[in-house]
Protein chains: 2
Amino acid sequence: MTDVQTRKLTRIQREKREVILQAALNAFSVHGLRGATLEKIAVEAGMSKPHVVYYFGSKDAIYTELLESLLEIWLSPLRDISPQGDPLAEILTYVRRKLRMSQEMPRESKLFATEILHGAPRTGASLSGDLKELVDEKADVISRWSAEGRLARIDPHHLIFSIWAMTQHYADFDVQVRAVLGAPDDAALFSDADAFLTDFFVRALRPTAT
Amino acid sequence: MTDVQTRKLTRIQREKREVILQAALNAFSVHGLRGATLEKIAVEAGMSKPHVVYYFGSKDAIYTELLESLLEIWLSPLRDISPQGDPLAEILTYVRRKLRMSQEMPRESKLFATEILHGAPRTGASLSGDLKELVDEKADVISRWSAEGRLARIDPHHLIFSIWAMTQHYADFDVQVRAVLGAPDDAALFSDADAFLTDFFVRALRPTAT
DNA sequence: ATATTTTTTGACCAATTGGACAGAAAAATG
DNA sequence: CATTTTTCTGTCCAATTGGTCAAAAAATAT
């Protein structure tokens, strides 16, 4: 076997691959797929360029693997919305988890953002497949809540878009946010954002008294 | 003079430059600065590669010129928020104008998005300068409205961020939006988004009856 | 220790690409 | 018409870059 496959990996192999993936995440999230070079990734990973290729075969493969391995964790907050819970609480929890992910995983957020911004050439299938299915399912739950009068009447798909947009904004466009706010520290910024979003969504989603 | 400068341009020069800028906007908004090639821009503009260089000097110069020339129009809706108008109406108008810009100028939106996503290396000054100044000014207006009880009490900066995020989302991540919604036509999508955002911001911003 | 497999790299290559250059073509100027 | 200036392109170049290859080094197995 001339290529390191993903099937049966030794501990060392898994660690090396992880180091490369982290270095690649740094590079890709800042410069995009074309902007990041194998050279840079290799240097940051502390190994030679051919060694990186030895482990992944190509730059593209690293990028794709990153996206795929992150998709699961990326969607988990949405997946965890429970039809059994309290509607407003469930959605607020979702909003806050997404915001926390923006704070703790900004590189991953930017990786997805650039990918989709550029047309999602290697994610398109997932988008209209798994993602659409999951979103439709949760949209149904939200619709039911609205119909039962436990939540404001609102388009559930666009509601989900708005949550994505507002929470990811703090990671993807942090440079702009920080420039406008005058470079606040991370804790303060995300604390303010949390308060704002909570308040905002409570207002928008609380069912109107009849 | 060996380079075409921006001072005194003939009609023909202005037209040629405009053709190049349009071609470049197409390329940059899809592939980003590094992903777009001079070759592609030249082909799409219907001229040779050195001709493009003749007019702008470098690929970077085209990119920078695009950003600069668009900044003005991009911020105009925010600039037009009037302290004299009705608070809710002013903000709803702003939201709708931003949404319309997402619909009519998605390439421009993506151009800014990629630029900021990648750290705004050639826009940073504008962000913490002109942009911050403008946003602070309008935030003050919104704060006053809130204090006067004409608008919900809300953090004005984060409100502006949320408007940016939600409206630009429809342009920047349209691939994802369309995938999830099942490829609706443009008119239907933006009509729905308009209805959603209007309703959403009315709920969130209407002052609570005391 | 010896053989074998796996890991790691230096040297190299082909393709891409931004752009320099010289000069042709066209237009403006006299 | 002649000349000068502007517009435009074919050709070429140097730098970058993704990736190959042979072989060294290290680890593992016998």
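In the text below, chain A, chain B and the rest are named by the order of the sequence lines, each starting its count at 1. Please read these numbers as outputs of a predicted model, since none were measured by experiment.
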Exercise. Is Tyr54(B) near enough to dT7(D) that one of its side-chain N or O atoms lies under 4.0 angstrom from OP1 or OP2?
Worked result: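 Checking Tyr54(B) against dT7(D): at least one side-chain N or O falls below 4.0 Å of OP1 or OP2.
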
Problem set entry | Residue pairs fulfilling side-chain hydrogen bond (donor to acceptor under 3.5 Å, both in side chains) with at least one residue in residues 34-51 of chain A, sequence neighbours excluded | Asn26(A)-Glu44(A)

For this session: Determine which pairs satisfy side-chain hydrogen bond (donor to acceptor under 3.5 Å, both in side chains) with at least one residue from residues 96-105 of chain A, sequence neighbours left out, and list them in order.
Result: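 Found Asp80(A)-Arg97(A), Arg96(A)-Asp194(A), Gln103(A)-Asp186(A).
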
Might you point out which heavy atoms bring [X] and [Y] nearest each other, and give the distance in Å?
| X | Y | answer |
| --- | --- | --- |
| Gly182(B) | Lys132(A) | N-NZ, 4.3 Å |
| Ala23(B) | Ile41(B) | CB-O, 3.7 Å |
| Glu115(B) | Arg122(B) | OE2-N, 3.2 Å |

For this session: In plain terms, say whether Asp140(A) and Arg144(A) are close enough for a salt bridge, that is, a side-chain N and a carboxylate O under 4.0 Å apart.
Result: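 No salt bridge links Asp140(A) with Arg144(A).
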
Exercise. Under a 4.0 Å N-O cut-off, is there an ion pair linking Glu72(B) with Arg79(B)?
Worked result: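 Salt bridge: yes.
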
Distance, rounded to the nearest Å, where [X] contributes [atom1] and [N] contributes [atom2]:
| X | N | atom1 | atom2 | value |
| --- | --- | --- | --- | --- |
| Ile20(A) | dG19(D) | CD1 | P | 14 Å |
| Tyr63(B) | dG18(C) | OH | P | 14 Å |
| Asp60(B) | dG19(C) | CG | P | 7 Å |
| Glu39(A) | dT17(D) | CD | C1' | 9 Å |
| Lys40(A) | dG19(D) | NZ | P | 18 Å |
| Ile41(B) | dT17(C) | CD1 | P | 12 Å |
| Leu38(A) | dT9(C) | CG | C1' | 15 Å |
| His51(A) | dG19(D) | NE2 | P | 16 Å |

Problem set entry | Close approaches to DNA chain C from residues 43-50 of chain B, in residue order (heavy atom, under 4.0 Å) | Lys49(B), Pro50(B)

For this session: Check DNA chain D against residues 26-36 of chain B and give the residues with a non-hydrogen atom under 4.0 Å, in numerical order.
Result: Arg34(B)

Exercise. Which pairs with one or both residues in residues 82-126 of chain A pass ring-ring contact (aromatic ring centres under 6.0 Å, His included), sequence neighbours excluded?
Worked result: Trp74(A)-Phe112(A)

For this session: Only pairs at least two apart or in different chains count here, so list each ring-ring contact (aromatic ring centres under 6.0 Å, His included) that has a residue in residues 171-199 of chain B.
Result: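 Every ring-ring contact (aromatic ring centres under 6.0 Å, His included) pair that includes a residue of residues 171-199 of chain B, provided the two are not neighbours, is His158(A)-Phe196(B), His169(B)-Phe173(B), Phe196(B)-Phe200(B).
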
Problem set entry | Closest to the Gln13(A) side chain, choosing from dT7(C), dT17(C), dT7(D) |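 The answer is dT7(C), which lies nearest to the side chain.
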
